[in-house]
Colleague: 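Structure in structure tokens, see below.
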Amino acid sequence: MKYQYWNPELETMPRPELEALQLERLRTAVGWALRTPFYRERLPGAGIKSADDIKTLDDIKRIPFTTKNDLRDAFPYGLLGIPKEEVVRLHASSGTTGIPTTIYFSREDIKRWTGYVARCVYGTGCTRDDVFQNMITYGLFTGGLGLHAGGEEVGMLVIPSGPGNTARQFRLMQDFGTTVVHATPSFLLHVESIMRAEGVSRDSIRLKRAFAGAEPYSEDTRRRIEKLLGIDVYNSYGLSEMNGPGVAFECQAKDGMHLWEDGYIGEIVDPQTLEPLPDGETGELVLSCLCREATPILRYRTRDLSAFYTEPCACGRTHRRLRRITGRTDDMLIVNGVNVFPSQIEEAIMAMREVGNNYLIVIEKEGVLDRLTVKVEVGPDIFMDDARPLNALRERIRKTIQASITINPRVELHEPGALPVSEGKAQRVRDGRPKDI
Ligand code: ADP
Ligand code: ZN
């Protein structure tokens, strides 16, 4: 395969040079950080009073971690490092796990961010000949404008469709010959279900690729989307604290996401002890943003679980790859004392051919015990009227999930399209248990 690079020099830079560049940029970022009230208070206590206190890349370990709560406490301007009149944009996180946090950008910050996104887009094989339908939420969420700008930078024709209204999405695809889309994986599965239900023929659209991200999904889900739609799906990872999309992305080798190490420093730590873990081991991803002066964030605990690949990539890029994010440390459900990640359930069921495109995990209190129910849509070839095969399928799904999480779930089967679909990030878990206060 012929791989294409947006910025060959930076993307294939030999590691020693790349690390020298990281050090230089880390020092700059520490200088930016010291202009914010938050880090001016936090860094000197750790012996970092100026950029000169960072002498090697290893010195990053002296910088205290920053958490989501720190960002909330610093709201609204505690992490602003430039005069307000130089800020040209703000974005906020989706608030999946609580109050959203705000990030500011200078004009230069937007340019740098866009550059990283363009690198991702081009690295999947897209060119100016492509027509890009951005089916993700615009607005405060970074996914919309982030990919939009990167797509334009590459020179693609960008259609800012946003999510929802599947009938209109198909019309746009047909009218303008869309070749690439960006969406959450759950929305892509929904699109496929609707396409089938409405009888939209695959030959009437020219789709080749999709960027899928913003929420965890399994390798089986990727393969399922690829097969159903006949396209290549590229995993896209980002978070507003690190600008948004464009932090890590799959290249055409589709085997792990390159973290752009000239713009971000990544570490994997043990989420309990916070000690660094060697490449290859799974832990919490900690990221430092080297490319944003307005809201500099260092050693941010993403709570996302991943690992660095140890092998170099076939594409020739030297930036290390991150393994598919399996979930967040705070996604973990405790069901009758057993730890369960929703991704374990997804992995178990999405590999089953008879399982359809959507599922929902429900937890309730039943007396003193927790009761886990997995609601599963069946595939389009399953007849809902035929009780015997349906019971057998339900039993098989139950056993598969139980083998994976050790808990015995209740399984409910639903018709295709019956379970709720979210326009933004999928809500896979409904936890109806009373909260301890
Ligand atoms: P929020 O934390 O409110 O959801 P963001 O909108 O900034 O804020 O979303 C960033 C988060 O979305 C990441 O920290 C991660 O948990 C999740 N995410 C983004 N892309 C992916 C991906 N490709 N795979 C798994 N999770 C992802
Ligand atoms: Zn690669």
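Order of listing sets the numbers, starting from 1, for every ligand and every atom in it. In what follows, every heavy atom counts, from backbone to side chain, and hydrogens, waters and symmetry copies are set aside. Keep in mind that this is a model prediction, so the values were computed, not measured.
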Colleague: Residues two or more places apart in sequence or in another chain: which of them pass side chain to side chain contact (heavy atoms under 4.5 Å, CB included) with P83?
Modeller: E85, E86

Colleague: Which protein N, O or S atoms sit under 2.8 Å from the Zn ion (ligand 2)?
Modeller: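 Within the sphere that stays under 2.8 Å of the Zn ion (ligand 2), the protein atoms of type N, O or S are C251 SG, H258 NE2, C313 SG, C315 SG.
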
Colleague: Quick check on contacts: which atoms of ligand 1 are under 4.0 angstrom from a heavy atom of G213?
Modeller: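 This gives 23 (N) as the contact atoms.
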
Colleague: Could you work out, for atom 12 (O) of ligand 1, the closest of E215, K425, E241, K68 by heavy-atom distance?
Modeller: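 Minimum heavy-atom distance to atom 12 (O) of ligand 1 goes to K425.
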
Colleague: Is it true that K111 and E108 make a salt bridge, defined as a side-chain N closer than 4.0 Å to a carboxylate O?
Modeller: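 Looking at K111 and E108, the cut-off is met.
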
Colleague: Applying a 4.0 Å heavy-atom criterion (strictly less than), which segment of D304 is in contact with ligand 1: side chain, backbone, both, or neither?
Modeller: side chain

Colleague: Is any side-chain heavy atom of V30 less than 4.5 Å from a side-chain heavy atom of I63?
Modeller: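 In contact.
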
Colleague: Could you tell me whether R222 and E219 have a side-chain N and a carboxylate O separated by less than 4.0 Å?
Modeller: yes

Colleague: I need the full list of side-chain hydrogen bond (donor to acceptor under 3.5 Å, both in side chains) pairs touching residues 144-153, with sequence neighbours left out, sorted by first then second residue.
Modeller: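 Every pair satisfying side-chain hydrogen bond (donor to acceptor under 3.5 Å, both in side chains) with a residue in residues 144-153: Y138-H148, H148-E152.
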
Colleague: Please classify the R328 to ligand 1 contact at 4.0 Å (heavy-atom distances, strictly less than): side chain, backbone, both or neither.
Modeller: side chain

Colleague: For Y77, give me all partners under ring-ring contact (aromatic ring centres under 6.0 Å, His included), at least two apart in sequence or on another chain.
Modeller: Y104

Colleague: Side chains of D70 and Y300 only: does a donor on one sit below 3.5 Å from an acceptor on the other?
Modeller: no

Colleague: Could you pull out, from S240, G238, G244, the option with a heavy atom nearest to atom 10 (C) of ligand 1?
Modeller: G238

Colleague: Taking atom CZ as the centre, does R89 end up with more than 12 heavy-atom neighbours from other residues, nucleotides or ligands that are less than 6.0 angstrom away?
Modeller: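 Yes.
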
Colleague: If you round to the nearest 0.5 Å, how far is CE of M195 from CG of L228?
Modeller: 10.0 Å

Colleague: Of S236, P185, S306, which has the heavy atom at the shortest distance from atom 23 (N) of ligand 1?
Modeller: S236

Colleague: For ligand 1, which atoms have a heavy atom of F141 less than 4.0 angstrom away?
Modeller: 6 (O)

Colleague: So, is A214 polar-close to ligand 1, with some N/O to N/O distance under 3.5 Å?
Modeller: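 Yes, there is a polar N/O contact under 3.5 Å.
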
Colleague: Applying a heavy-atom cut-off of 4.0 Å, say which part of N235 lies close to ligand 1: side chain, backbone, both or neither.
Modeller: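 Within the 4.0 Å criterion, N235 contacts ligand 1 through side-chain atoms alone.
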
Colleague: So, Y217 versus E346: side-chain donor-acceptor pair below 3.5 Å or not?
Modeller: no

